[in-house]
Amino acid sequence: MHAADAAGTYIPHFCYHKKLSIAANCRMCLVEVEKAPKPMPACATPVTQGMVVRTKSDKAIKAQKSVMEFLLINHPLDCPICDQGGECQLQDLAVGYGASASRYTEEKRVVFHKDVGPLISMQEMSRCIHCTRCVRFGQEVAGVMELGMRNRGEHSEITTFVGRTVDSELSGNMIDICPVGALTSKPFRYSARTWELSRRKSVSPHDSTGANLVVQVKANQVMRVVPLENEDVNECWIADRDRFSYEAVNSEQRLTQPLLKQGGPNGPVWQAVDWNTALDYVADGLKRIKAEFGVGGIGAVGSAHATAEELHLLAKLVRGIGSENIDVRTRHADAGNLAAPGKARWLGTSIASLSNLDRAFVIGSFLRKDHPLFAQRLRQACKRGAQVHSLHAVHDDWLLPLATQLTAAPSAWGQALAGVAAAVAAAKGVPAPVTAEAGAEARAIATSLLTGERKAVLLGNAAAQHPQASSLLALANWIAVECGASVGYLSEAANTVGAQLVGAVPRQGGLSAAQMLAQPMKALLLLDVEPGLDAADGAAARVALQGAGLVVALTAFKDAAVENADVLLPIAPFTETSGTFVNAEGLAQSFTGVVKPLGDARPAWKVLRVLGNLLGLDGFGHESSEDVRAEALGEPAALASRLDNTPCVPVAAPAAHAGLERIADVPIYAADSLVRRASSLQLTADARPPVAALPAALWQQLGLHAGDRVLVAQGQTAVVLPARLDATLAAQAVRVSAGHPATQALGPMFGPLTVEKA
């Protein structure tokens, strides 16, 4: 099959897929091999010297037509109503290899439908041809076998284990690789025909992979999102949040006109106004505040899910007013962990190279849920023999074999890394950067990292958000240099790297996002930020906004969790604007809007451009987003020279705290404004309300049993949450998710907390 592909010869097939193992189930690829007594399956037949293969001979064609007849014996005749009609591999091949009539007159078999969750429909499993692509995808790519085949012969059927749901964060890819209409998209089902859809390229606005997408549109509405193959970025896969978050752009929560808060007899009410009125109000307010209080109290907090063009103009606007208070690092506790001006922290290697690593040391990452496609690449590396090590306060199942798990409470991560550095120093006979004790796990990690050729030290979202992030980078960098490895950040969002490159981070004494969201500002511009959910300290952010002066929220949603906002300006999500995202490896990928903005919504770069002109600032005369991109990023070829992971502090091992500490993940479907409003994603197992996960010793100390609830307190606030035992947690750590309404009343994502039985 590979040889035929390389020679440009097409061989019909169903079960073969270039990214999956060979199964040879369907037999559709039978070909004639000279001197072989019978036709051979092309997918499972190795090439040998001097082999002569005929793919279009009478013998091969007759064999392929016979297989097609068998496949169609039990296949239902429901093409006119099948959701896969028009893009079905079986339908296409039946035209060339099927007969015009069937010799089979018996009753066709029936397979009862299964409910496997809100994303995949298995309503028509009678169509299944048992190619097992979905089974192999789960085992080999997603890393978990959620589907399997039971029974034999005509009783065979694909199903889940004892009625469970399919919960993988990559499960939607099973829909793409199903060659018939057995697995279909539940949200898209029966909403459009494939030939009615126009297809437009785009880029995912969620994690830092920058997955390439094809957005399919009907009547100016996004109907479906599927992957666009790019071997160097996302291969042919996308995560479920890339695939299904489009539901949010069509939701009833969309903000379609500017709103001003007006005083009413029963308190403030939202009043719909035109754009001129809203922008004049904002511009006048900013001028008045600058004249009365100066520029120190004026600031802007952007989202790293916004485009480079939007963030460039936001930074330019704030600096044009005279302030340096601009930041996108809403969840970061260490404001000083910044690259030099004009440079950016990045992955440290290419995304494609993750699949070929020999050694990887992952520090502070909820890898599977933060970066599903990076996890998939490391899974492939492990199959090739790579050794992956992790340092964390809790060890989720990454669905890949971990060579070493180093467990420490968050404040002890610095000391744990210092232990690895000490082990590396001892093995190499060089002075250790700091004095530390190297345990057995640290020595195992050091020994592993000193062998192998392709190596990477990778810092995850929790390591970037950590209060000691600068020290963690310095230690990780020392270890990487001594071991000949690359060092870098997996990066939180679609445009974390781009935001740094366009200067949407504070310079010269400007306030960080954490500082702006912890004190009442005189004027605060929020670009696609919901402070209670996006801030490192949601409770402090909500209090700060209550005392703020002018709060302007540029948002796509009218239910945006921006309490005490004075103005809501409707901006377009990624499907309705053009822009650029710079992914973790520093690759700038531009895209165009695929539909017109809804109602009176406008691309944020246009809103900021007009606002800049109303404020009388220079340099806001851009005609297109391409003009903004050229000014913001310059030549794409020059971006590589601006990527820099050099630490900004000397190597040191910070002291650990005593007592219980919080470790906070951001659930995969609570990470940004789009996934929070994608109705199908909110019905998945990953979107269940947060619980308080407790280590074994604390569980026993509190005398807890399954189903009990605990009171979790941080500072002045407390919440009651269901308790869950997690034996992988560090003894001093308690896991409570952030970014969710149920926990936004709590304090910082890192820091001391108390737990008692409720």
Side-chain angles (χ1 to χ4, degrees), residues 248 251-293 296-303 314 317-318 321 323 325 330 513 516-535 537-573 597-602 604 607-608 610-611 614-615 673 676-677 716-717 740-742 744-745:
S251 75
E252 293 178 0
Q253 299 302 329
R254 280 295 303 276
L255 178 65
T256 55
Q257 55 191 139
L259 299 177
L260 275 183
K261 192 175 276 180
Q262 305 279 356
N266 301 317
V269 292
W270 286 110
Q271 180 77 39
V273 295
D274 60 43
W275 270 107
N276 288 341
T277 305
L279 290 174
D280 283 341
Y281 179 90
V282 175
D284 291 345
L286 288 172
K287 288 175 184 173
R288 180 178 50 77
I289 288 165
K290 180 179 177 180
E292 196 172 335
F293 302 104
I298 299 174
V301 179
S303 165
L314 183 67
L317 181 85
V318 171
I321 293 171
S323 171
N325 305 331
T330 54
M516 285 186 271
L517 294 174
Q519 61 182 8
M521 300 288 288
K522 296 299 181 189
L524 190 61
L525 298 174
L526 299 171
L527 174 60
D528 191 25
V529 172
E530 301 176 80
L533 301 174
D534 291 331
D537 188 341
R542 294 168 73 198
V543 171
L545 282 184
Q546 286 170 7
L550 175 67
V551 179
V552 182
L554 290 84
T555 174
F557 301 100
K558 59 190 174 192
D559 69 334
V562 185
E563 298 165 39
N564 305 102
D566 300 291
V567 191
L568 293 182
L569 301 178
I571 59 169
L598 193 63
D600 277 342
R602 292 291 177 267
V607 177
L608 292 164
V610 175
L611 196 51
L614 289 174
L615 288 166
S673 58
R676 289 177 197 136
R677 293 170 179 83
Q716 306 301 310
T717 57
H740 194 281
Q744 67 173 343

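Counting begins at 1 with the first residue of the sequence. Everything quoted here is computed from the prediction, not taken from an experiment.
Here Ile571 contributes atom CD1 and Leu608 contributes atom CG; the two are 8.5 Å apart, rounded to the nearest 0.5 Å. Annotation: the span from Leu550 atom CG to Leu525 atom CG amounts to 7.5 Å, rounded to 0.5 Å. Distance CD/Gln253 to CZ/Arg676: 13.5 Å, rounded to 0.5 Å. Remark: Leu545 CG to Leu517 CG distance equals 6.5 Å, nearest 0.5 Å. Interatomic distance, NE2 of His740 versus CG of Leu533, reported as 9.0 Å (0.5 Å rounding).
Partners of Asn325 under the side chain to side chain contact (heavy atoms under 4.5 Å, CB included) rule, at least two apart in sequence or in another chain, are Ser323, Leu511, Met516, Met521. Residues forming a salt bridge (Lys or Arg N to Asp or Glu O under 4.0 Å) with Arg542 (at least two apart in sequence, or on another chain): Glu563. In this structure, the side chain to side chain donor-acceptor pair (under 3.5 Å) partners of Arg254, at least two apart in sequence or on a different chain, are Glu576. Residues passing the salt bridge (Lys or Arg N to Asp or Glu O under 4.0 Å) test with Asp280, sequence neighbours excluded: none. Applying the side chain to side chain donor-acceptor pair (under 3.5 Å) rule to Asp274 yields the partners Thr277; only residues at least two apart in sequence or on another chain are considered. Scored by the salt bridge (Lys or Arg N to Asp or Glu O under 4.0 Å) test, Asp528 finds no partners at all (sequence neighbours excluded).
Nearest heavy-atom pair across Trp275 and Pro570 is CZ2-O, 3.4 Å. Of all non-hydrogen atoms in Ala601 and Pro597, the two that sit nearest each other are O-CB, 3.1 Å. Taking both residues in full, the closest heavy atoms of Leu279 and Leu611 are given as O-CD1, 3.9 Å, listed atom of the first, atom of the second, then distance. The nearest pair of heavy atoms linking Val607 to Leu569 is CG1-CD1, 4.1 Å. Pairing each heavy atom of Ala541 with each of Ala535, the nearest pair is CB-CB, 3.9 Å. When every heavy atom of Ala278 is checked against every heavy atom of Val273, the shortest pair comes out as CB-CG2, 3.9 Å.
Put simply, the side chain of Leu260 reaches to within 4.5 Å of the side chain of Val567, judged on heavy atoms. Here the side chains of Ser303 and Val529 are in contact, with some heavy-atom distance below 4.5 Å. Between Asp559 and Arg677, the closest side-chain pair of non-hydrogen atoms falls below 4.5 Å.
Using modelled atom types, one side-chain atom of Thr330 and one backbone atom of Asp534 make a donor-acceptor pair closer than 3.5 Å. Judged purely by atom type and a 3.5 angstrom limit, Lys522 has no side-chain atom pairing as donor or acceptor with the backbone of Phe293.
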Just distance, no hydrogens or angles: give the donor-acceptor pairs under 3.5 Å from side chains in residues 551-558, sequence neighbours left out.
from, atom 1, to, atom 2, distance (Å)
Thr555, OG1, Phe557, N, 3.1
Thr555, OG1, Phe557, O, 3.4
Lys558, NZ, Glu252, O, 3.2

Pair up each side-chain donor or acceptor in residues 281-289 with any protein partner under 3.5 Å, not counting sequence neighbours, and list the distances.
from, atom 1, to, atom 2, distance (Å)
Lys287, NZ, Leu614, O, 3.1

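Listed by first and then second residue, the salt bridge (charged side-chain N to carboxylate O under 4.0 Å, His left out) pairs that reach into residues 258-267 come to none, sequence neighbours excluded.
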